[in-house]
Amino acid sequence: KKRKRIRRNATEDGMETLDEEVEEYSWRDVVLPALIPVVQEPVELERESRQRRRGRDILVAVDHGPNSQHALHWALAHLCRLADTLHFVHVVHSVQDEVLYEVSKQRMDELAVEALQIAMVRSQGRIVEGEAGKMICREAERLKPAALVMGTRGRGRIQSVLQGSVSEYCFRHCKAAPVIIVPGKGRQQRPLH
């Protein structure tokens, strides 16, 4: 991965500028199927707020697992409104890998069709290269969505401790939007003792 290193610079007038290390950002937008009609704006009601009429951006982190699809379904049932736009983000190791891109694009196509059928919302997709937690937070910073919705990865406790949890990383580091972590389907709550 390419990184730009920027250091402290002293200027002639004695001021010091501090720049930080910035990770390069690689991504590819996904063109979702043309079969999906453009959703017209809903009829405006006087009592609706300006934001509701305009619609909100909702960021949904997706992968190929059932937990991300469950998180999407939760967002469609509990969060989305007609004028909203869903932004799917999927993080991969390389955006130049055409096979991986096509598989990810196909997954986003399926999710976009589901979103339209279930909640009549528009969808956009982006495939991003890098570390999952960091890139999801970066997309949230770019979009400034009303919410970031994600599922759990389904790892066991020991594996999550050793490898870290993407949802936990986003929960702790995402400052651009509220983070909603939807537990996996069929996952039972542990009783409090």
Side-chain angles (χ1 to χ4, degrees), residues 1-4 21-39 55-76 79-80 84-155 159-160 163-171 173-174 176-177 179-182 184-185:
K1 293 183 183 174
K2 299 176 184 174
R3 292 181 183 260
K4 295 180 190 174
E21 187 175 301
V22 177
E23 189 170 341
E24 208 164 290
Y25 190 45
S26 298
W27 53 270
R28 285 174 75 178
D29 284 328
V30 176
V31 178
L32 296 175
L35 301 172
I36 297 177
V38 174
V39 178
R56 303 167 301 165
D57 292 313
I58 298 171
L59 181 60
V60 181
V62 297
D63 59 19
H64 298 285
N67 290 343
S68 77
Q69 184 167 7
H70 178 65
L72 170 64
H73 288 174
W74 183 93
L76 293 172
L79 190 62
C80 289
D84 292 344
T85 301
L86 285 178
H87 296 268
F88 300 123
V89 61
H90 180 59
V91 182
V92 296
H93 68 276
S94 172
V95 293
Q96 301 308 319
D97 183 335
E98 289 301 320
V99 173
L100 186 58
Y101 175 80
E102 285 303 318
V103 169
S104 298
K105 179 189 177 305
Q106 182 179 6
R107 176 71 172 149
M108 286 185 181
D109 290 348
E110 293 165 2
L111 296 176
V113 170
E114 280 185 47
L116 182 70
Q117 290 173 340
I118 294 170
M120 294 291 292
V121 293
R122 292 175 279 213
S123 302
Q124 295 181 1
R126 182 171 273 200
I127 299 171
V128 184
E129 180 179 311
E131 291 180 47
K134 287 181 182 179
M135 294 301 107
I136 292 168
C137 290
R138 190 170 218 173
E139 276 299 295
E141 187 62 40
R142 179 183 71 85
L143 287 170
K144 305 275 191 265
L148 163 58
V149 180
M150 58 193 317
T152 55
R153 200 142 185 213
R155 293 176 173 167
Q159 194 176 14
S160 287
Q163 294 179 339
S165 164
V166 173
S167 54
E168 184 179 327
Y169 179 90
C170 291
F171 181 74
H173 294 92
C174 183
V179 178
I180 301 171
I181 301 170
V182 181
K185 192 173 183 177

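When reading the values below, keep in mind they use all heavy atoms of this one structure, side chains included, and skip hydrogens, waters and symmetry mates.
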*Between Asp29 and Tyr101, what is the shortest heavy-atom contact and its length?*
O-OH, 3.3 Å
*asked:* Would you compute the distance between atom CG of Leu143 and atom CZ of Arg56 and round it to the nearest 0.5 angstrom?
replied: 14.0 Å
*Return the set of residues passing salt bridge (charged side-chain N to carboxylate O under 4.0 Å, His left out) with Glu114 (not counting sequence neighbours), or none when no residue passes.*
none
*Below 4.5 Å, heavy atoms only, C-beta onward: do Met150 and Cys170 meet side chain to side chain?*
yes
_Quick check: do Lys144 and Asp57 have side-chain heavy atoms less than 4.5 Å from each other?_
no
*asked:* Testing Leu72, Leu76, Val113 one by one against Ile118 for a side chain to side chain contact (heavy atoms under 4.5 Å, CB included), which residue passes?
replied: Leu76
_Listed partners of Gln96 passing side chain to side chain donor-acceptor pair (under 3.5 Å), at least two apart_ = none
*Would Asp97 and Val92 satisfy side chain to side chain contact (heavy atoms under 4.5 Å, CB included), going step by step from the backbone distance to the final call?*
CA-CA 9 Å; Asp97 183 335; Val92 296; over 6 Å; no
*asked:* Measuring only between side-chain heavy atoms, which start at C-beta, is Leu86 closer than 4.5 Å to Cys80?
replied: yes
*Mind checking salt bridge (charged side-chain N to carboxylate O under 4.0 Å, His left out) for Glu98 and listing every partner two or more places apart, or none if nothing turns up?*
Arg28
_If the condition is side-chain contact (heavy atoms from CB on, under 4.5 Å), which residues does Val62 pass it with, not counting sequence neighbours?_
Val60, Ser68, Phe88, His90, Met108, Leu111
*With sequence neighbours excluded, what pairs up with Tyr169 under the ring-ring contact (aromatic ring centres under 6.0 Å, His included) test?*
His173
*Ser26 OG to Ile127 CD1 distance, which is reported to the nearest 0.5 Å*: 13.0 Å
*First locate atom CG of Leu59, then atom CG of Leu148, and finally report the distance between them rounded to the nearest 0.5 Å.*
5.0 Å
*Considering non-hydrogen atoms only, spot the tightest contact between Ala176 and Ala140 and give its length.*
CB-O, 3.4 Å
*List in chain and number order the residues that pass salt bridge (charged side-chain N to carboxylate O under 4.0 Å, His left out) with Arg107, two or more places apart in sequence or in another chain; answer none if no residue qualifies.*
Glu110
_Any Val91 side-chain heavy atom under 4.5 Å of Lys134 side chain_ = no
*Atom pair NE2 (His87) and CZ (Arg142), whose distance is rounded to the nearest 0.5 Å*: 7.5 Å
*Taking every non-hydrogen atom, the tightest pair across Ser94 and Leu100*: O-CD2, 4.0 Å
*In Å and rounded to the nearest 0.5 Å, what is the CZ to CE distance from Arg138 to Met135?*
5.0 Å
*Is the shortest heavy-atom distance from the side chain of Ser104 to the side chain of His64 under 4.5 Å?*
yes
*Atom pair CD1/CD1 of Ile180 and Ile58 - distance to nearest 0.5 Å*: 8.0 Å
